[in-house]
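None of these values were measured; they are calculated from a predicted model. Heavy atoms only: backbone and side chains are in, while hydrogens, waters and symmetry mates are out.
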Amino acid sequence: KSHKKLKKTMNLAEPAPEVEAATADAAVAPESVYNDNEYLVAPAPDVSSESLDVETYKVAPAVMVDDPRRFAPNDKLNEPYRNPELDVPVEKLRTGSTGITFESQAGISRGIQMTCTRQCLPFLYDERDFVSYGEISRYIVLKDTFCFVYGEQTDPNPLYIVPIDSLNAVVEDPKKPHKRSITVSPMANTNLQGDTLETVLLLDVRGSLAYQFTFDTTDDEDVSKRFVEAVGLANSIGKANDKGTEKTEP
């Protein structure tokens, strides 16, 4: 009675009546399941292991119509890759009549190349470019008024030769670098080159940067000084040669 009173006061609905458990009849199999002859696959036929009687064809060997090397420059093809007698290794420069004035490992660069984009849109580039020392490292030899640049000390020939008789060698101040030079192997969190590196600038008569040579002073603190002196000697030789040429002219 208390439940009926509670339902009336709360205005609740009557509970649903109880129902029987759900049942279902088994599905009737279609007639096609029992009559499946149309789905049967015929057994594979026996294959004889005997070799098949198939006619084979033989291709005649190719016949060369003409010698393709007849028109080739055989004399030049048979020449050696290079003539060792014409090589200019470092050892030959050392044993020459005048000897050498300087040789060392150095990082060589021509500095920043002022392209049209760099001149017109300078904000696209960093304030200073930089490069690693190992990337530009070469072996250099100064003889007379020339600087011979080798990839390695043992190379048979130089990569290129730089005339230095008209260039002025100046040791660069890393805190006040040349506006066209690049920083070699900068230290962490700064754009200053490493403490063991020293750069010498080769400037032309207008003060423009022609080349920069960076030396590792770890094992030789005076290497930059000796290079500057060697370039100065090349300038003296160049001036002497110019005076001699002027005297011989009519």
Side-chain angles (χ1 to χ4, degrees), residues 76-114 129-172 178 180-185 193-194 196-206 208-242 244-245:
K76 293 184 178 181
L77 292 175
N78 295 329
E79 289 180 358
Y81 174 70
R82 59 183 178 83
N83 186 356
E85 295 180 358
L86 301 178
D87 288 348
V88 187
V90 175
E91 189 61 31
K92 181 180 287 189
L93 297 178
R94 292 171 180 162
T95 57
S97 58
T98 57
I100 61 176
T101 57
F102 179 85
E103 64 176 306
S104 175
Q105 200 78 22
I108 305 176
S109 172
R110 302 203 66 174
I112 298 175
Q113 302 302 309
M114 296 302 296
D129 288 355
F130 61 89
V131 68
S132 67
Y133 176 80
E135 185 177 349
I136 59 174
S137 180
R138 302 289 186 268
Y139 195 82
I140 64 171
V141 177
L142 270 61
K143 180 181 178 66
D144 297 333
T145 60
F146 300 97
C147 175
F148 296 80
V149 182
Y150 294 83
E152 299 288 344
Q153 185 177 356
T154 55
D155 287 354
N157 288 293
L159 299 174
Y160 54 92
I161 302 174
V162 180
I164 57 175
D165 55 335
S166 61
L167 299 178
N168 182 31
V170 179
V171 178
E172 182 181 44
H178 193 279
R180 293 288 183 268
S181 68
I182 60 176
T183 303
V184 180
S185 294
Q193 67 183 15
T196 61
L197 299 178
E198 194 167 27
T199 296
V200 178
L201 307 177
L202 293 188
L203 309 177
D204 59 18
V205 293
R206 297 174 298 177
S208 299
L209 178 64
Y211 289 90
Q212 69 175 78
F213 289 72
T214 301
F215 299 93
D216 187 353
T217 61
T218 302
D219 299 326
D220 187 356
E221 296 181 354
D222 297 330
V223 60
S224 300
K225 179 181 178 182
R226 292 189 292 105
F227 176 75
V228 172
E229 293 174 352
V231 175
L233 179 60
N235 292 166
S236 301
I237 296 174
K239 292 178 181 179
N241 293 339
D242 293 340
T245 304

Please report the closest heavy-atom contact between [X] and [Y], naming both atoms and the distance.
X: E103; Y: Q153; value: OE1-NE2, 4.3 Å
X: F146; Y: P163; value: CD2-CA, 4.0 Å
X: Y150; Y: P158; value: CE2-N, 3.3 Å
X: I182; Y: S109; value: CD1-OG, 3.3 Å

State, with a plain yes or no, whether a side-chain heavy atom of [X] is found less than 4.5 Å away from one of [Y].
X: L167; Y: D204; answer: yes
X: S104; Y: F227; answer: no
X: S137; Y: Q105; answer: yes
X: V149; Y: Y211; answer: no
X: C147; Y: F213; answer: yes

Considering residues, nucleotides and ligands other than E229, do more than 12 of their heavy atoms fall under 6.0 Å from its CD?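 Count over threshold, so yes.
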Counting only heavy atoms not in K92, do more than 12 sit closer than 6.0 Å to its NZ atom?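 Count over threshold, so yes.
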Give a yes-or-no answer on whether the side chains of T199 and Q193 include a donor-acceptor pair shorter than 3.5 Å.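 A pair is found: one side chain offers a donor N or O, the other an acceptor, under 3.5 Å apart.
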Side-chain (K143) to main-chain (G99) donor-acceptor, under 3.5 angstrom: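 Here the side-chain-to-backbone pair exists.
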Any donor-acceptor pair under 3.5 Å from D165 side chain to N235 backbone: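 No: the side chain of D165 does not pair with the backbone of N235.
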What distance do I140 atom CD1 and I161 atom CD1 have between them, rounded to the nearest 0.5 Å?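 One gets 13.5 Å once the value is rounded to the nearest 0.5 Å.
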Enter the distance from T214:OG1 to R138:CZ here, rounded to the nearest 0.5 Å.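 Atom-to-atom, T214:OG1 and R138:CZ are 12.5 Å apart.
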Starting from the C-alpha separation in whole Å, work towards a yes-or-no answer on side-chain contact (heavy atoms from CB on, under 4.5 Å) for V184 and Q212. CA-CA 10 Å; V184 180; Q212 69 175 78; 3.9 Å; yes
Give the intermediate values and the outcome of side-chain contact (heavy atoms from CB on, under 4.5 Å) for residues V231 and L142. CA-CA 8 Å; V231 175; L142 270 61; 4.0 Å; yes
Derivation and outcome, side-chain contact (heavy atoms from CB on, under 4.5 Å), residues F148 and V90: CA-CA 9 Å; F148 296 80; V90 175; over 6 Å; no
Qualifying salt bridge (Lys or Arg N to Asp or Glu O under 4.0 Å) pairs with a residue from residues 209-224, counting only residues at least two apart or across chains: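 Checked against salt bridge (Lys or Arg N to Asp or Glu O under 4.0 Å) - neighbours excluded - the pairs reaching residues 209-224 are D220-R226.
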